[in-house]
Structure formats: structure tokens, C-alpha cells
There are 2 protein chains.
Amino acid sequence: MSVPQGTSGSVEISEQELALATRNHGMPLEALRHEITPIGLHYLLIHYDIPVVDAAGWRLEVGGLLERPLELSLEQLRARPRVTAAVTMECAGNGRASLSPRPLSQPWLLEAVGTAEWTGTPLAPLIEECGIAAEAIELVFTGIDRGVEGGVEQFYERSLSLDDALGEDVLLAYEANGRPLPPQHGYPLRLVVPGWYGMTSVKWLRSITAVAEPFEGYQQARGYRMMRSADDPGTPVTRMVPRSLMAPPGIPDFMSRRRFLALGPVDLEGRAWSGLGTIERVDVSADGGETWIAAELAPQRSPLAWRGWTWAWEPPGAGDYELCSRAIDSAGNEQPLNAEWNLKGYANNSVQRVPVQVTDQR
Amino acid sequence: MSVPQGTSGSVEISEQELALATRNHGMPLEALRHEITPIGLHYLLIHYDIPVVDAAGWRLEVGGLLERPLELSLEQLRARPRVTAAVTMECAGNGRASLSPRPLSQPWLLEAVGTAEWTGTPLAPLIEECGIAAEAIELVFTGIDRGVEGGVEQFYERSLSLDDALGEDVLLAYEANGRPLPPQHGYPLRLVVPGWYGMTSVKWLRSITAVAEPFEGYQQARGYRMMRSADDPGTPVTRMVPRSLMAPPGIPDFMSRRRFLALGPVDLEGRAWSGLGTIERVDVSADGGETWIAAELAPQRSPLAWRGWTWAWEPPGAGDYELCSRAIDSAGNEQPLNAEWNLKGYANNSVQRVPVQVTDQR
């Protein structure tokens with residue numbers, strides 16, 4: 001089933017979805033103008049409640065199939081080797097609200113993304129120091145946040161294979177943008193797994209557990225799977241597929257968010273990312289995707305973060321235009337005009353469409 | 001027309017309202033546990049786009065009917081007398097989405113509130129130093145943010161009478177919670193008018209202008225008015241009416257946000273505020289407002305901020321309860337069970353209802 005585009009004006013959101021939308025913050029797309037997203041503008045998807053954690057009493061338990069289990073205070077974690085990395089993170093459900101039929105969950109349009117500078121300590125050396133038992137195959141990351149989902153009471157938890165978990169970029173992060181994590185980003189400690197959708201980067205970590213069997217918790221076996229129907233076991237959601245977004249130009253109408261700009265040259269800008277490779281090309285269109293030209297790419301300043309692009313657009317005259325951009329990564333993945341529908345509404349990287357009205361005079 | 005309660009499960013939100021809800025951040029209600037709202041959890045209502053401002057080139061113009069107009073840099077403002085105040089700010093549209101029929105605008109449920117520690121310089125001495133011309137009656141505060149609303153292209157701007165503007169608590173704020181304003185809160189400078197709904201506290205200030213006639217701009221004469229119908233000129237929205245909110249207890253279901261708690265004593269907490277007086281009493285109910293008892297009030301730590309309250313509740317048995325609280329202020333204003341409907345959905349301080357399910361065992 002393909003995603004119908006341009007017909008979503010008839011979407012009607014339920015009060016449950018609205019309650020999620022008012023809790024879970026999107027990044028207003030004009031914030032794409034910031035290479036590092038200011039704190040408070042980065043997207044947030046919080047399954048249960050934001051815990052209030054007293055860091056003095058908090059400990060990270062590192063155990064399970066490890067030869068030398070550990071319990072670490074925040075001070076002990078901060079005393080370990082320290083790394084800072086700019087990382088682009090996107091919610092797996094970004095774009096969900098434009099799918100038809102619309103999967104019922106957090107109704108993201110396009111704003112579930114952000115890039116923070118995370119500071120923390122690499123995970124791999126910590127786990128290796130503990131001595132990994134031969135039978136261990138995965139690490140399970142468990143948060144302090146607790147709730148009910150799909151009828152199951154649970155702490156939020158997700159696993160990674162040892163290979164993925166011990167990748168060199170995986171961090172235990174205690175700072176964002178140079179300050180202690182704010183409560184909503186996982187204070188005092190969260191996982192950051194660059195390249196993967198955000199559900200992987202477990203917040204408010206309480207434990208890391210090495211296990212011998214594939215983890216079958218709700219967020220692994222039932223949530224975050226690409227499924228065609230309710231009886232399809234599906235495949236796991238993992239890395240971010242390519243996407244480009246544009247900072248909408250001109251000025252908005254408050255209610256409709258329709259954009260207006262005066263006739264004349266306009267510097268368009270946006271950012272693109274992929275968890276499957278580096279961004280090699282961004283194409284742009286002013287006619288809704290009929291014709292494309294290559295945008296100018298900014299240098300790739302951080303290998304784990306989005307890449308900026310610009311387009312010096314000169315509209316040929318007053319009138320209505322539909323601006324688009326699409327990302328192509330180094331692995332040859334091309335952002336589609338219309339992504340495939342799936343039951344839970346993950347990884348919808350259909351091309352963004354920005355209708356603008358160019359006027360002769362203001 | 002009164003507000004129907006408990007029937008809002010049938011609300012259906014349009015895509016335009018959803019686009020606003022994903023831009024404009026609410027404060028998840030568990031953040032009521034913080035006396036000072038962490039940056040990133042304070043509510044945000046942003047009419048147009050968040051501007052990117054270079055503070056080095058930015059100036060505040062103070063002019064109009066003043067004897068000695070001024071142009072001030074951020075450094076000059078920071079060199080003036082410095083004040084820090086914890087101020088509770090609420091959007092005038094908080095509660096709008098529960099009104100029926102629902103006014104079409106940002107569809108807030110109950111989360112459009114926050115308390116920040118604002119640091120800045122008092123407005124009154126600055127204006128008085130400029131020498132106020134005898135014919136001046138109001139100050140107009142103009143932001144950098146520009147857009148279209150009600151068919152009118154405009155900078156966001158609002159006025160205050162000289163009396164209100166020169167009140168001792170009114171600040172030109174350049175810091176929030178001890179850090180420079182983040183972009184979304186008005187960097188580099190915003191107005192903060194304690195006690196008033198948030199539309200008064202103009203962000204991204206560019207100018208302050210003394211005028212001889214009542215300001216008739218869109219946000220004053222058409223927006224932010226309590227109207228019964230489209231041809232009612234209405235009355236201006238000004239100060240916050242009393243409201244109390246509770247941090248929902250127990251754990252939530254992800255999708256429905258329904259709350260579950262285990263049988264036993266539970267410490268409930270919340271905060272209450274009013275722009276019309278200090279909070280003198282908060283009443284609480286476990287039966288949907290049939291019977292009420294007084295909650296315990298925390299000390300009023302800042303005169304301009306919300307007041308905490310607690311309630312050691314012991315549910316008499318397993319089952320369903322509807323928890324409520326209501327604020328009463330020193331001017332005798334009592335939060336109503338059901339506030340009056342108005343055309344644009346302002347100041348809906350109907351009592352919050354928190355359904356909870358108490359279970360014998362988990």
C-alpha cells in the first residue's frame with residue numbers, strides 16, 4: 001500500500017493521539033537552521049512519565065552474563081574516558097500521521113528529529129572490562145521509566161546484539177549540549193546509539209544486562225517492528241533511513257502554517273541524514289517533485305550528524321510552488337517520494353512537501 | 001454555555017490543529033513535581049517562526065512619546081540593575097481543546113504552563129529615565145517574529161497601559177533558569193509580565209513604543225478577547241484566573257494515559273496559581289468533585305510563582321476514582337467545576353479530572 005500524498009487535510013486526530021502530541025515535543029522545522037539543536041527544541045518521545053531521579057542515590061547496574069559485574073555511580077562514570085559527539089536522532093514514528101490508514105500512536109508529522117552534542121563515556125571498554133561470558137549474545141538496557149503498553153506492565157527496555165552494542169560510537173551519555181542531561185532527556189544517564197532510530201537510545205538507564213537469549217520484551221518483540229498486518233511477525237526497526245528536511249521559507253500563517261514569500265531570490269536551507277551511510281547528494285524541486293536539481297552540500301562536520309544543504313532559489317514569478325528535497329546516501333539509498341505503508345507507522349521517509357505562495361508585493 | 005466534562009473522548013482534531021500541537025510544546029504534567037520547570041519542559045506558544053537572532057547586531061529601540069528615546073544593546077541591558085524572579089506563566093488558551101464546541105486554534109488540553117526563573121532588568125526605571133510625554137497612555141511591545149494571522153501580516157505585538165507596564169514586577173528578561181534565553185523563549189530579550197497570561201510577555205523584543213491612543217493591532221483588538229460570538233467585541237484577556245493541577249499519580253498506559261496505582265497510601269502533589277491574588281486554599285476530591293477536603297499547602301516561596309500542595313490520600317479499596325483539585329485565591333476567586341465557554345477558548349480553568357484505577361495487586 002502506498003502513502004497517499006496531499007490528501008491529509010482530512011486527517012482527524014483522536015483525543016488520545018492529541019494527548020500524546022501535547023506531551024511529546026516536536027522540533028519546529030525552522031530549528032533546522034541550527035546545526036546543534038538548542039535544548040528544548042530537540043524532539044522528545046517519552047513512553048511513560050519523566051522520572052524525577054536523585055543522582056546521589058542512583059547507580060547503574062552492569063550485570064548478567066559478565067565475569068565481573070559492576071555498580072557505578074554518576075561520579076564513577078564521569079571519571080571514565082570522556083567523549084563528545086554531535087548525533088542526529090530521529091523517532092522511528094516520524095511521519096506516522098501522514099500515513100493512510102493512520103496507525104494510532106504518537107501522531108508525528110515531520111518534526112521528530114534533533115541533533116544534540118552528547119557527552120559521555122564509550123560503552124564498549126566498560127563492558128569489555130567486565131569480561132563478557134562466552135554465552136552472552138545481547139545486552140539489555142533497562143530504564144527507570146515504568147508504564148503499561150499493549151497490556152503489559154513494564155520498565156522501558158530494549159536490547160542490542162553485542163556487535164551493535166559494542167560499536168565504537170555507542171555512548172553512555174550524561175551531558176547534552178555541554179550541560180547535565182535535562183530530566184526529559186534521561187537524567188542522569190542515557191544510552192546514545194548513533195545511526196539508529198531513537199527508541200534504541202534508552203533514557204534514565206538503571207541497568208545493562210548481558211543475556212544468552214534474544215530479548216523478547218514488549219519494545220523488542222511487539223513494538224518497533226515493520227509489520228504489514230497484525231499477524232505478520234515483522235522485522236525489527238533498526239537504523240534511520242535517509243531523509244532530508246527543509247526549513248520552511250518566508251513567513252507562516254498562524255493557523256494553516258501556509259508560507260508566504262515576496263518575489264525575488266531566496267536562500268533555502270535544510271539538513272539531511274541517514275543511518276545507513278553518509279549523505280552524498282540532496283536533490284531539490286520547486287514543482288512538487290516533477291523536476292529535480294542538486295542542492296549545494298555543506299561540509300560533513302560530524303560523521304554522526306545531519307549534513308546541511310542550501311539552494312539559492314529564484315522563483316520565476318509570483319504563484320504557488322511546492323518545494324521538496326530528497327536525500328541520497330553513500331550506500332545508494334534514495335529517499336522515496338512515497339514510502340511503503342506499515343502497520344505501526346515506522347520509518348515513513350516520504351519526501352516533505354512545502355507549499356509556498358510567492359507574491360509580487362507584500 | 002457550559003463545558004461538557006467527561007465526554008471529550010469523541011474529540012477529533014484537524015490536521016491544522018495537529019500541526020500546531022506538534023510545534024507548540026506543552027509541559028507534561030508529571031513535571032509539576034519540579035518547582036522550577038526545567039528548560040525544555042516549560043510550555044511554548046509560538047505564533048509564527050522562532051527567529052534566529054544575532055545578539056551582536058540586535059538593538060532594543062525604546063521610543064515613541066518619550067522625551068529621550070534610546071537604543072540599547074544586550075550588553076547595555078545586562079549592565080542595568082539585575083533582578084531574578086520565579087514566575088508562573090500560562091497560555092491564555094490552556095484548556096481550549098476540552099471546550100465544546102471546540103475553538104479552532106492551538107488545541108491545548110491542560111499542559112500550557114510552566115515556571116521559570118527569569119533574570120533581567122526592571123522595565124519601569126528604564127522607561128522613566130526616558131521621560132514619558134504627557135500624552136502617552138500605553139506602551140506597545142513589538143517582537144521580531146513575523147507572520148500572517150486573521151488575514152493580517154504583522155509582527156507579533158501587544159500593548160499595556162502605562163500603569164500595567166510600569167508595575168514593579170515587569171521585567172525585560174535575558175536569562176531563564178540562569179542561562180541566556182534559549183531561542184524559543186525569546187532570545188536575546190523578552191518581556192515578562194507576572195500574573196498575566198503568556199501572550200503579554202512578548203518574546204524576541206525589537207521595540208517598545210509609547211503611544212497616545214489605545215493600540216489596535218490584531219493581537220489586542222481581535223485576538224485574545226473573551227467573546228460570546230463573532231460579532232461580540234468582547235473584553236480583553238488579561239490576568240490568569242485561578243487553577244490547580246495535579247501530577248498524575250501511579251503509572252500510565254502509553255496510549256490512553258490512563259493511570260494505574262497499587263492499593264495503599266499515595267502522596268499526591270500538585271501546584272496552584274492565580275494572577276488575581278495569592279493561593280489561599282486548594283481543595284481536593286477523590287470522587288470527581290462530589291466531596292472535597294483541603295490539601296496541605298506548601299509555603300509560598302515566590303510571590304509570582306505557583307504554590308505547591310500535597311494530599312496524603314489512602315484509597316479505601318481497589319476500584320476506579322476520579323481525582324480533582326481546585327484553587328481558591330486571596331481575592332475570593334474559586335476555580336469552577338465548569339468554566340464558561342467563549343468563542344476563542346481562553347481562560348478555561350475548569351477543574352482537572354484525573355481518572356485512576358487502584359488495583360489490589362500488580
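Here is how names work: the chains are called A, B, and so on, in the same order as the sequence lines, proteins then strands, and each is numbered from 1.
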Toward chain A, the part of B:His34 with a non-hydrogen atom under 4.5 Å: side chain

Best-contacting candidate, B:Gly150, B:Pro183, B:Pro182, against chain A by heavy atom pairs under 4.5 angstrom: B:Pro183

Partners meeting side chain to side chain donor-acceptor pair (under 3.5 Å) with A:Arg259 (sequence neighbours left out): B:Asp49

Partner chain A: residue of B:Gly40, B:Gly250, B:Ala247, B:Pro248 with the largest heavy-atom pair count (under 4.5 Å): B:Gly40

Per-residue contact mode, A:Pro51 against chain B (heavy atom under 4.5 angstrom): neither

Largest heavy-atom contact set with chain B, pairs under 4.5 Å, which of A:Leu41, A:Leu44, A:Asp145: A:Leu41

Chain B contact via A:Pro252 - side chain, backbone, both or neither, heavy atoms under 4.5 Å: both

Any donor-acceptor pair under 3.5 Å from A:Arg257 side chain to B:Tyr48 backbone: yes

Under 3.5 Å donor-acceptor, B:Gln184 side chain and A:Ile39 backbone: yes

Where B:Leu18 and A:Ala97 come nearest, the two heavy atoms and their spacing: CD2-CB, 3.9 Å

B:Leu109/A:Glu15 under side-chain contact (heavy atoms from CB on, under 4.5 Å): CA gap, chis, key distance, verdict: CA-CA 9 Å; B:Leu109 294 167; A:Glu15 191 181 14; 3.6 Å; yes

Nearest heavy atoms of A:His25 and B:Pro28, plus distance in Å: NE2-CD, 4.2 Å

Heavy-atom closest contact (B:Ser105 atom, A:Met255 atom, distance): CA-SD, 3.7 Å

Which portion of A:His185 sits near chain B, non-hydrogen atoms under 4.5 angstrom: neither

Pick from B:Arg179, B:Arg33, B:Gln106 with the largest number of heavy-atom pairs that fall under 4.5 Å of chain A: B:Arg179

Portion of A:Leu104 that has a non-hydrogen atom of chain B nearer than 4.5 angstrom: both

A:Pro107 portion near chain B, given a 4.5 angstrom heavy-atom threshold: both

Residue, of A:Leu20, A:Asn24, A:Leu29, that accumulates the most heavy atom pairs under 4.5 Å with chain B: A:Leu20

Contact winner vs chain A - B:Glu30, B:Glu111, B:Gln16, heavy-atom pairs under 4.5 Å: B:Glu30

Value rounded to 0.5 Å, distance of CG in B:Asp253 from NE2 in A:His47: 12.0 Å

Value rounded to 0.5 Å, distance of CD in B:Glu149 from CD1 in A:Ile251: 11.5 Å

Most chain A-contacting option - heavy-atom pairs closer than 4.5 Å, from B:Val52, B:Ile46, B:Leu110, B:Thr22: B:Thr22

Residues that A:Tyr43 engages under side chain to side chain donor-acceptor pair (under 3.5 Å), provided they are two or more places apart: none

